[in-house]
Each structure stands twice: as C-alpha cells, then as structure tokens.
There are 4 protein chains.
Amino acid sequence: MDCITRRDKMETKDKVLEAAVSLFNAKGYQGSSIREIAKQADVNPALISYYFGGKKGLLENLLLQFYEPYLALLNKIVEEQISVSPLYCLKQIGQHILNFQQQHIQLTSFVYREMTLDSMLVREMMSTYLKKETYYIQQVFTKGIELGECMNIPTEHAVIQFKGMLMMPFLYPRYLSEVLYLQPVEGYFVERYSRQIEQWIDSLQLLEPLQLQAK
Amino acid sequence: MDCITRRDKMETKDKVLEAAVSLFNAKGYQGSSIREIAKQADVNPALISYYFGGKKGLLENLLLQFYEPYLALLNKIVEEQISVSPLYCLKQIGQHILNFQQQHIQLTSFVYREMTLDSMLVREMMSTYLKKETYYIQQVFTKGIELGECMNIPTEHAVIQFKGMLMMPFLYPRYLSEVLYLQPVEGYFVERYSRQIEQWIDSLQLLEPLQLQAK
Amino acid sequence: MDCITRRDKMETKDKVLEAAVSLFNAKGYQGSSIREIAKQADVNPALISYYFGGKKGLLENLLLQFYEPYLALLNKIVEEQISVSPLYCLKQIGQHILNFQQQHIQLTSFVYREMTLDSMLVREMMSTYLKKETYYIQQVFTKGIELGECMNIPTEHAVIQFKGMLMMPFLYPRYLSEVLYLQPVEGYFVERYSRQIEQWIDSLQLLEPLQLQAK
Amino acid sequence: MDCITRRDKMETKDKVLEAAVSLFNAKGYQGSSIREIAKQADVNPALISYYFGGKKGLLENLLLQFYEPYLALLNKIVEEQISVSPLYCLKQIGQHILNFQQQHIQLTSFVYREMTLDSMLVREMMSTYLKKETYYIQQVFTKGIELGECMNIPTEHAVIQFKGMLMMPFLYPRYLSEVLYLQPVEGYFVERYSRQIEQWIDSLQLLEPLQLQAK
DNA sequence: AATGAATGAGCGTTCATTCAT
DNA sequence: CATGAATGAACGCTCATTCAT
C-alpha cells in the first residue's frame with residue numbers, strides 16, 4: 001500500500017518532469033507555460049507549484065537533475081584515470097560525457113541553452129558546477145602537459161575546444177538531423193563521433209613538435 | 001528637415017535594435033518584453049509593432065542582421081580562397097568568423113541561443129542559412145580531402161567540431177569570463193584563440209598517416 | 001484513551017480557533033488563508049473544513065463565540081441592575097463590557113471589524129445579536145429618562161455615543177498603542193478608561209438643566 | 001481636443017475609483033477583486049494596474065484621497081479657531097468632520113475599517129496621518145485645559161471618546177440604518193448628531209467641579 | 001511619426017475544498 | 001482521525017498589440 005502510494009507520487013512528479021523537459025527543450029523555459037506542461041503531463045496545473053514550488057523550482061530541479069550526475073560522473077572518471085594517463089583520461093571523459101548527454105538528450109539540450117542566459121540562477125549554477133567541471137578538465141590537461149603527454153597549449157583554450165566539441169551535437173540536435181543528416185539520438189553516432197574526439201586528443205600529443213618545426 | 005526626419009527614424013529603429021540585442025542576449029527573446037525594450041531604447045512601445053511588425057518581426061530582423069553578413073562573409077572567403085588551398089581557406093574562415101562574431105558579440109550570442117529552439121522560424125533559418133553555411137564548409141573539407149591536404153574524416157563530424165570551436169566562446173561569453181577568466185570581448189583573445197583553431201586545422205592534415213599507422 | 005482522544009480533538013479545534021483569531025485580527029478574514037491558519041495552528045489544513053465546515057463556518061463559530069457570552073453578560077447586568085438605577089446600570093455595563101472586550105481583545109477587534117462589512121452573515125448577526133444588544137441599552141436609557149435620572153436625549157444617539165466609546169479602544173488597539181501610547185491590553189487602562197466613561201454617564205444626568213440654561 | 005482627452009482619462013480613472021470605493025466599502029479590500037471592480041466600472045481589468053499600478057496602488061490612492069483633505073480640513077479649523085476658544089474649536093471640528101465623513105460616506109466607512117488591520121501600509125498611514133490628526137486634537141484639549149475651559153482629563157482618553165463618537169456612525173452605517181433606523185446619509189442626521197456631540201463637549205466644561213464634589 | 005489609452009488573452013500562483021487512503 | 005494529493009476556479013498581473021489622436 002505504501003508502495004503504491006509512493007509510486008503514484010513518483011509518477012505524478014515524474015510525469016511533470018518529463019513533460020517539462022520535453023517542452024523546455026522545444027520552446028525554452030520562458031516559452032513554455034505551466035498550463036502547457038501540466039496539460040502534456042495530464043496533470044492539474046496547480047500541482048506544479050504544489051510539488052516544485054513554482055515554475056522556477058521546476059527549472060532548478062531540472063538543472064540539478066542534470067548537473068549532479070554529470071559532475072559525479074566526471075569526478076569519478078578523473079579520480080580513477082588521471083593517474084594512469086591524462087590523455088587516456090580525456091578520451092574516457094569524452095566518451096562517457098557523450099554517452100551521458102545522449103542518454104539525457106532533451107535535458108542536455110535544454111540545460112545547455114539555459115546556461116547561455118544571464119541570470120542569477122545561471123551565475124549560481126556556473127559557480128557551483130561549471131567551476132568544478134572546468135577544474136577537473138583543466139587538471140587533466142595540466143597533468144598531461146606536465147607528463148609530456150600533451151603539447152603545451154593554454155588549458156583554457158583546450159577546455160573551450162573540448163567542451164565545444166562535446167556540447168555541439170547536443171546543443172543543436174535539430175541542426176545535426178536536418179542539415180547534416182546525423183542522428184545524435186542513435187547509438188552509432190556517439191560511437192563514431194567519440195572516435196573523432198579521440199583523434200583530436202591524439203593530435204594534442206603529436207602536434208607540438210611539428211608546430212615547433214613550423215616556427 | 002526631411003533629412004533630419006529620416007535620421008530620427010533611423011535612430012529610433014537603431015535604438016530599438018540595440019536595446020533588443022542587449023536584452024535578448026541577457027534574458028532571451030521570450031524573457032524580454034516589448035515594453036522593456038522600448039523603455040531601454042527610450043521609445044514608445046507601440047513603435048516597435050509599428051516599425052518591425054511586432055515582436056516576432058524584431059526577432060526576424062535581428063536574425064537576418066546576423067546571418068546575411070555572416071553568409072556573405074563566408075561566401076566571399078570560400079570563393080576567393082578555396083582554389084588556393086582548402087586548409088588555408090579553413091584558417092581564413094576561422095579567423096574571419098571569430099572576428100565577425102566578436103564584432104557582434106551580443107547579437108551572436110543571442111542568435112546562437114535562439115537557434116537551439118525548435119520552432120518554425122528556426123527551421124526556416126536553418127534551411128535558408130545554415131544549409132548554405134554548412135555547404136560552404138563541407139565543400140572546403142571535401143576539396144581538402146580530394147587534394148590530399150586533409151585526412152579523410154567524415155565532413156559532417158569535421159563541421160561539428162569546427163563550428164563547435166568557433167561558436168563556443170560566443171555562446172558562453174559569461175562562462176569564459178567568470179570561470180575561465182578569458183575576455184572574448186577583447187581583441188587579443190580572438191587573436192590567440194584563432195591560432196589554436198589553426199593548430200586544429202593543421203592537425204587534420206597531419207593526423208591521417210599517423211592514424212593509419214595506429215591501425 | 002477516549003478521554004485522551006477527546007482532549008486531542010479539543011486541542012486541535014482550539015488550536016485552530018486560536019490561530020484563526022490571531023490571524024483574522026491581524027490580516028482580516030478575507031486576508032487570511034486556511035493554509036496559513038492551519039500552519040500557525042500546526043494542523044492539517046483539511047481539518048479546518050472537516051471540523052468547522054469550511055472557512056465560513058470558522059468565521060461563524062468565532063462570531064458566536066464572541067456574541068453569545070457578550071449578550072449573556074449584557075442581559076445579566078441589565079436584568080439585575082436596571083431596576084436599581086438605570087445610570088448605575090449603564091456604568092456597570094460600561095465596566096463589564098470593557099473588561100469582556102479586554103479579555104478577548106483579538107476576537108473583539110476582529111469581530112468589530114467584520115461587522116462593518118455588508119454581507120448576509122453580518123446582516124444576520126445584526127438582526128440576531130445587535131438588535132438585542134441595542135434593545136437592552138436603549139431600554140436602560142429610556143428607563144433613565146423616565147425616572148428623571150437622565151436628560152432627555154434621543155436614545156439612538158446615546159447608544160451610538162456609548163457604543164462608540166466602548167468599542168473604539170478595541171477596534172483600534174494599534175492606534176492606541178502606536179499613536180496614543182496607551183496599552184488597551186493592560187489592566188489599568190480599562191480601569192482608568194471606565195472611569196472616563198462613567199464621567200460621561202454622569203454628564204447625561206447633569207447636562208440637561210445646564211444645557212437649558214445655556215439656551 | 002486636449003480637454004476631451006483629459007476628460008476621458010479622468011472619467012476612466014474616476015469610474016474605477018468610484019467602483020472601488022463602493023465595492024471596498026461593501027466587501028472589504030481583500031474581498032473585492034480587480035475583475036469585479038473593473039466590471040462594475042465598465043472598464044478593462046488591465047487598466048487598473050495601468051493607472052494605479054496594481055490593486056495595492058488603488059488602495060493607497062483611496063487612503064490618500066481620504067486623509068489628505070481630511071487633515072487639511074482639520075488643520076484649517078484648528079489653525080483658525082484654537083486661539084478663539086478651544087471648546088468652540090472642538091465643536092467646529094466635530095461638525096465639519098461629521099459633514100466631511102457624510103460627504104464621503106462610503107470612502108470613510110472603508111478607510112476606517114481598513115485602518116483596523118495590522119499591515120505595513122496601515123502603520124505608515126498611522127504615522128503619517130493619524131499622528132498629525134491626534135496631535136491637532138490633543139493640542140485643542142490641552143489648550144482648553146490650560147485656559148480652564150475644559151476639565152482636566154487625560155487628553156488621550158478624550159481623543160478616544162471624541163473620535164469614537166465621530167467615527168461610529170460611519171463605521172457602522174448599516175447598523176445605524178437597520179438597527180437604530182437612523183440614516184447617516186441624510187442631512188438632518190448629522191445636524192442632530194452634531195448637536196449631541198456639542199453637548200458632550202459642553203459636559204467637558206462643566207463636569208469638573210461636580211466631579212470634584214463627587215469625590 | 002509618435003503617443004498613450006485600451007484590449008483580451010494568457011501568465012504563474014493561490015485558493016478553499018474534496019477525497020482516497 | 002488525520003493526511004496529503006488532487007481539483008477547478010479565481011486571483012492579481014503582464015503581455016503584445018491596436019487604435020484614435
């Protein structure tokens with residue numbers, strides 16, 4: 001009985017979250033209305049305020065729902081692999097982050113868009129999560145440079161490039177499908193794309209001497 | 001007098017566009033209200049509907065204002081340089097696009113965010129502009145592969161990587177400044193970052209044989 | 001166990017009533033929400049509907065809780081004292097009503113405010129309680145005039161003045177404390193103020209001949 | 001043309017104010033909805049926020065609309081008459097305030113009710129207006145006592161009694177009409193009631209020696 | 001060209017209440 | 001008896017837009 005009750009509760013909250021992710025992804029946070037979400041979730045609009053404390057609470061819930069496991073994943077990979085080989089660690093990050101994003105493709109797309117705004121909430125999320133994320137990745141690059149695995153490039157630029165490559169397909173899934181005819185939703189896209197990322201990582205290792213020659 | 005009148009008109013329209021770009025950039029299209037824009041532009045709200053045919057018209061105006069010169073620039077570079085050297089052409093594209101984005105940094109940020117939405121308008125812009133843009137870039141990659149300048153990677157993936165690198169700093173200017181302490185607004189950032197992009201382009205040339213060795 | 005249960009019930013009802021009086025007094029009936037009351041009473045909101053048959057029932061309960069003992073008190077005083085001396089009876093009324101109001105200061109304040117509204121409920125309360133109250137007081141004045149104790153003024157006006165004096169401090173307790181620096185909550189205020197009322201009552205007796213002289 | 005425009009504006013604002021006073025008086029501020037007011041004023045609901053900056057602004061507007069002329073009137077009377085004769089000045093106050101209240105009977109009733117609440121706004125109104133009002137009245141009593149015109153009673157109590165008498169009929173107009181069968185709206189009520197107030201004022205003059213005798 | 005009143009739809013939210021558990 | 005999920009109506013308010021001036 002308790003189980004049923006709990007499951008019912010879960011279902012309502014989850015129905016709302018699912019509908020919210022879908023609508024926020026398609027029309028943006030500001031472009032989606034509580035009523036629309038409730039309708040799509042087949043739920044009373046008042047329940048959204050009841051469960052999440054308002055539309056803003058729903059947004060925060062989703063942001064946490066993304067960044068918490070995201071950072072946990074990142075943390076785990078870095079902790080386990082950085083001492084083995086920084087560049088290999090980078091490859092692992094690339095592959096797992098791509099997988100993670102693909103598994104939460106709508107949430108990812110929406111969160112990445114929302115983080116481009118200039119709001120208190122975004123600033124808070126940046127200082128809470130993106131600072132950590134960036135620290136992890138920079139650490140790996142730095143270690144790679146130290147160990148001579150990686151050419152000596154500014155780690156900030158490397159982070160931008162790396163993140164750009166990883167985020168791009170999930171920020172613009174519709175661009176991929178309608179212009180490039182790629183399906184980021186499908187498994188083999190990530191598989192092939194992550195190999196491409198690995199090539200870029202390899203290039204970090206190899207370019208330096210050549211670069212020096214060029215000079 | 002007619003001249004003054006016309007100049008006033010221009011100024012009013014421009015004041016609105018300027019205010020709109022600023023607010024759309026900070027709070028998003030849906031998050032900014034006509035009244036707010038009008039207030040910031042010190043203009044009567046009714047004039048926005050009058051001049052631009054409504055809020056949506058203002059949005060379309062800004063999207064064109066971005067993509068028309070953007071594509072003209074891209075078109076010019078490709079036409080002029082592709083026959084010389086595809087990879088050099090790519091570098092030129094990278095450098096000029098970065099400059100272009102930096103010169104319209106708020107507009108760029110806003111347009112790139114808006115294009116992540118799933119709307120009729122976005123689909124239209126994609127089929128009108130992004131298809132062309134992608135065609136140009138893919139053409140360069142293809143030519144590069146044909147001429148043996150560039151390793152044989154899927155051009156779609158290359159486009160994603162290339163665009164990702166170029167767009168990233170201007171999609172997340174606040175991330176750059178607050179987390180990475182980079183100032184995409186300042187000249188030397190683009191200068192240094194474009195050299196980084198060139199390294200990536202160089203890596204396309206060099207990786208292939210090594211990649212083959214790896215196999 | 002039954003006893004405990006019943007006591008719990010009593011406590012719950014009383015906790016609600018207490019919280020309701022406090023909130024209704026501060027923010028008005030319409031300005032207070034069931035949830036707020038329930039929260040302050042540390043009780044489930046649904047119980048208010050359950051126990052009192054809704055918010056309106058809670059209001060009626062409180063009105064009765066005020067007017068029933070109020071009228072009983074008035075009735076008792078008039079019955080016992082009117083035959084002795086009408087003016088003395090008036091003084092007794094003044095003193096005891098002041099005391100009664102002070103003992104239920106929040107309830108009094110709230111009820112007196114609520115009775116200024118124009119609603120079915122108020123009309124009902126007026127015809128049920130205020131008619132009786134007024135009848136009692138007018139009777140005393142009439143008797144006083146008959147017996148020559150009191151000057152011949154319109155009893156309606158006398159009632160207004162009398163009630164005005166008695167109600168004023170408890171309708172505006174915050175005015176008294178913040179502007180006049182009087183504390184209607186404290187015992188000696190009523191003590192001193194009731195002597196003031198008695199002076200007014202005395203003046204009823206004395207003024208007439210002098211008034212006539214003045215003319 | 002300008003005149004017509006201004007008159008139209010005035011009419012809309014005034015229609016809203018009129019409807020608001022009527023509804024606030026009958027059902028209270030919290031009990032009246034913006035839509036209801038707009039409907040009764042035959043006006044678009046959005047215009048209330050447009051003109052008054054929201055429901056609260058409407059309330060503040062009405063409170064000022066009452067207290068500003070009220071205090072101006074009081075100030076004028078006191079300034080002109082206090083030096084002549086404090087007790088005569090009191091009578092003038094009584095008469096003019098009664099007239100003022102009668103001329104704005106609904107507004108008066110509503111304002112007096114609203115001032116019984118415990119809110120920031122009420123506190124502000126008290127410290128802005130009621131402090132002044134009380135200062136004026138107390139000044140008159142004090143002067144009367146100084147000059148020997150008036151018996152030596154605590155001025156705070158005198159203020160309560162005085163205000164109680166003046167406010168009572170307009171706080172409970174429905175009580176007057178339905179229980180006492182008096183019509184505070186009609187001219188002769190004020191006329192007769194103000195004579196009653198004058199009697200009370202006279203009693204202040206005369207009671208003291210008798211009071212002493214009683215002791 | 002420019003204004004500001006006016007409109008009607010929709011916003012997020014809160015409300016008192018009901019009901020299954 | 002007590003709970004908390006759920007409901008539908010209404011809340012105050014803001015929205016983009018229109019229109020007479």
Side-chain angles (χ1 to χ4, degrees), chain A residues 1-2 4-6 8-13 30-38 42-58, chain B residues 2 4-6 8-9 11-13 30-38 43-58, chain C residues 4-6 8-9 12-13 30-38 43-58, chain D residues 1-2 4-6 8-13 30-38 42-58:
Chain A
M1 201 177 91
D2 180 56
I4 289 169
T5 306
R6 188 172 302 170
D8 281 344
K9 256 193 276 182
M10 292 288 286
E11 275 171 13
T12 292
K13 272 188 116 172
Q30 294 267 20
S32 314
S33 81
I34 285 279
R35 279 175 173 82
E36 214 176 350
I37 296 166
D42 197 28
V43 143
N44 188 296
L47 286 179
I48 294 182
S49 286
Y50 180 73
Y51 277 119
F52 301 97
K55 195 186 179 188
K56 200 190 163 189
L58 185 51
Chain B
D2 179 56
I4 290 169
T5 307
R6 188 173 302 170
D8 282 344
K9 252 193 284 183
E11 276 172 10
T12 293
K13 276 187 107 169
Q30 293 269 18
S32 314
S33 78
I34 285 280
R35 273 182 171 75
E36 214 176 350
I37 296 166
V43 144
N44 188 293
L47 285 181
I48 294 183
S49 288
Y50 179 76
Y51 277 126
F52 300 96
K55 197 184 178 188
K56 201 189 163 190
L58 185 52
Chain C
I4 289 169
T5 307
R6 189 173 301 169
D8 281 344
K9 253 194 283 182
T12 293
K13 275 187 107 170
Q30 293 269 18
S32 314
S33 78
I34 285 279
R35 273 181 171 75
E36 216 176 348
I37 297 166
V43 145
N44 188 293
L47 284 182
I48 294 183
S49 288
Y50 180 75
Y51 276 126
F52 301 96
K55 196 184 177 187
K56 201 189 163 189
L58 185 52
Chain D
M1 200 176 89
D2 180 56
I4 290 169
T5 306
R6 189 173 301 169
D8 281 344
K9 259 194 275 183
M10 294 288 286
E11 275 171 13
T12 292
K13 272 189 115 171
Q30 293 269 19
S32 314
S33 80
I34 285 280
R35 280 175 174 82
E36 214 176 350
I37 296 166
D42 197 27
V43 143
N44 188 295
L47 285 180
I48 294 182
S49 286
Y50 180 73
Y51 277 119
F52 301 97
K55 197 187 178 187
K56 201 190 164 190
L58 185 51

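So you know, we letter chains A, B, ... as the sequences are listed, proteins then strands, and number each from 1.
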Undergrad: Does Tyr50(B) make a side-chain N or O approach to OP1 or OP2 of dC19(F) shorter than 4.0 Å?
TA: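 Result: no.
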Undergrad: Consider the side chain of Ala46(D), meaning its heavy atoms from C-beta on, and name the nucleotide among dT7(E), dT18(E), dT17(E) that approaches it most closely.
TA: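 Selected nucleotide: dT7(E).
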Undergrad: With a 3.5 angstrom cut-off on both distances, give the Watson-Crick or G-U wobble partner of dC15(E), or none if there isn't one.
TA: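 Per the H-bond distance test, dG8(F).
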Undergrad: Give, for atom CZ of Phe52(D) and atom CD1 of Ile37(D), the distance between the pair rounded to the nearest 0.5 Å.
TA: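 The distance works out to 9.5 Å.
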Undergrad: Do the side chain of Arg35(A) and the base of dG10(E) come within less than 3.5 angstrom through a donor-acceptor pair of N or O atoms?
TA: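 Counting by modelled atom types and ignoring angles, no donor-acceptor contact under 3.5 Å is found here.
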Undergrad: Roughly how many Å is it from CD in Glu36(D) to P in dC11(F), rounded to a whole number?
TA: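 That distance rounds to 7 Å.
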Undergrad: As an exercise, state the distance from NZ of Lys55(B) to OG of Ser49(B), rounded to the nearest 0.5 Å.
TA: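 The distance works out to 11.0 Å.
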Undergrad: Let me know, please, whether Gly53(A) or Asn44(D) comes out on the 5' side of the other along DNA chain E by nearest nucleotide.
TA: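 Comparing both residues, the 5'-ward one is Asn44(D).
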Undergrad: Rounded to the nearest angstrom, tell me the gap between atom CD1 in Ile48(D) and atom C1' in dT7(E).
TA: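 Atom-to-atom, Ile48(D) to dT7(E), this comes out as 14 Å.
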Undergrad: Within the 4.0 Å heavy-atom criterion, would you say Leu47(B) contacts the bases, only the backbone, or no part of the nucleic acid?
TA: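 Base: the residue Leu47(B), judged by heavy atoms under 4.0 Å, touches a nucleobase.
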Undergrad: Taking for each residue the nucleotide of DNA chain F with the nearest heavy atom, is it Pro45(D) or Pro45(C) whose nucleotide lies nearer the 5' end?
TA: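 Residue closer to the 5' terminus by nearest nucleotide: Pro45(C).
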Undergrad: May I have the distance from Lys13(D) (atom NZ) to dA6(E) (atom P), rounded to whole angstrom?
TA: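 Those two atoms, NZ and P, are 11 Å apart.
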Undergrad: Starting the side chain at C-beta, find the nucleotide from dA16(E), dT13(E), dC13(F) nearest to Ile34(A).
TA: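 Closest nucleotide to the Ile34(A) side chain: dT13(E).
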Undergrad: Nearest 0.5 Å, please: how far is CZ in Arg35(A) from CG in Asn44(A)?
TA: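 Between atom CG of Asn44(A) and atom CZ of Arg35(A) there are 10.0 Å.
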Undergrad: Once you round it to whole Å, what is the distance between C1' of dA5(F) and CD of Glu11(A)?
TA: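 Nearest whole value for this atom pair: 13 Å.
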Undergrad: Kindly say if Ser33(D) contacts the phosphate of dC11(F), meaning a side-chain N or O under 4.0 Å from OP1 or OP2.
TA: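 Checking Ser33(D) against dC11(F): at least one side-chain N or O falls below 4.0 Å of OP1 or OP2.
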Undergrad: Does dA1(E) have its OP1 or OP2 closer than 4.0 Å to a side-chain nitrogen or oxygen of Thr12(B)?
TA: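 False: Thr12(B) side-chain N/O out of range (4.0 Å or more) of dA1(E) OP1/OP2.
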Undergrad: Starting from P on dG12(F), measure out to NZ on Lys56(D) and report it in whole angstrom.
TA: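 Rounded to whole Å, this separation is 15 Å.
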Undergrad: Say you draw a straight line from OG1 of Thr12(A) to CD1 of Ile48(A); how long is it, rounded to the nearest 0.5 Å?
TA: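 One finds 11.0 Å between OG1 of Thr12(A) and CD1 of Ile48(A).
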Undergrad: Give the rounded distance in Å between these two atoms: OH of Tyr51(C) and P of dT3(F).
TA: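 To the nearest whole Å, that distance equals 10 Å.
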Undergrad: For Lys55(C) and dT18(E), give me the distance from atom NZ to atom P, rounded to whole Å.
TA: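 The answer, rounded to whole Å, is 15 Å.
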Undergrad: Which one is paired to dT21(F), where only Watson-Crick or G-U wobble pairs with both distances under 3.5 angstrom count?
TA: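 Pair assignment: dT21(F) / dA2(E).
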Undergrad: Please figure out whether Ser32(A) or Ser49(C) has its closest DNA chain E nucleotide nearer the 5' end.
TA: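 By nearest-heavy-atom nucleotide position, the 5'-most residue is Ser32(A).
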Undergrad: Mind calculating the distance between CD (Gln30(B)) and C1' (dT14(F)) to the nearest angstrom?
TA: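 The distance from CD of Gln30(B) to C1' of dT14(F) comes to 14 Å, rounded to the nearest Å.
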Undergrad: Would you name the heavy atoms of Pro45(A) and Ala38(A) that are closest together and state the gap between them?
TA: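 Closest pair (atom of Pro45(A), atom of Ala38(A), distance): CA-CB, 3.5 Å.
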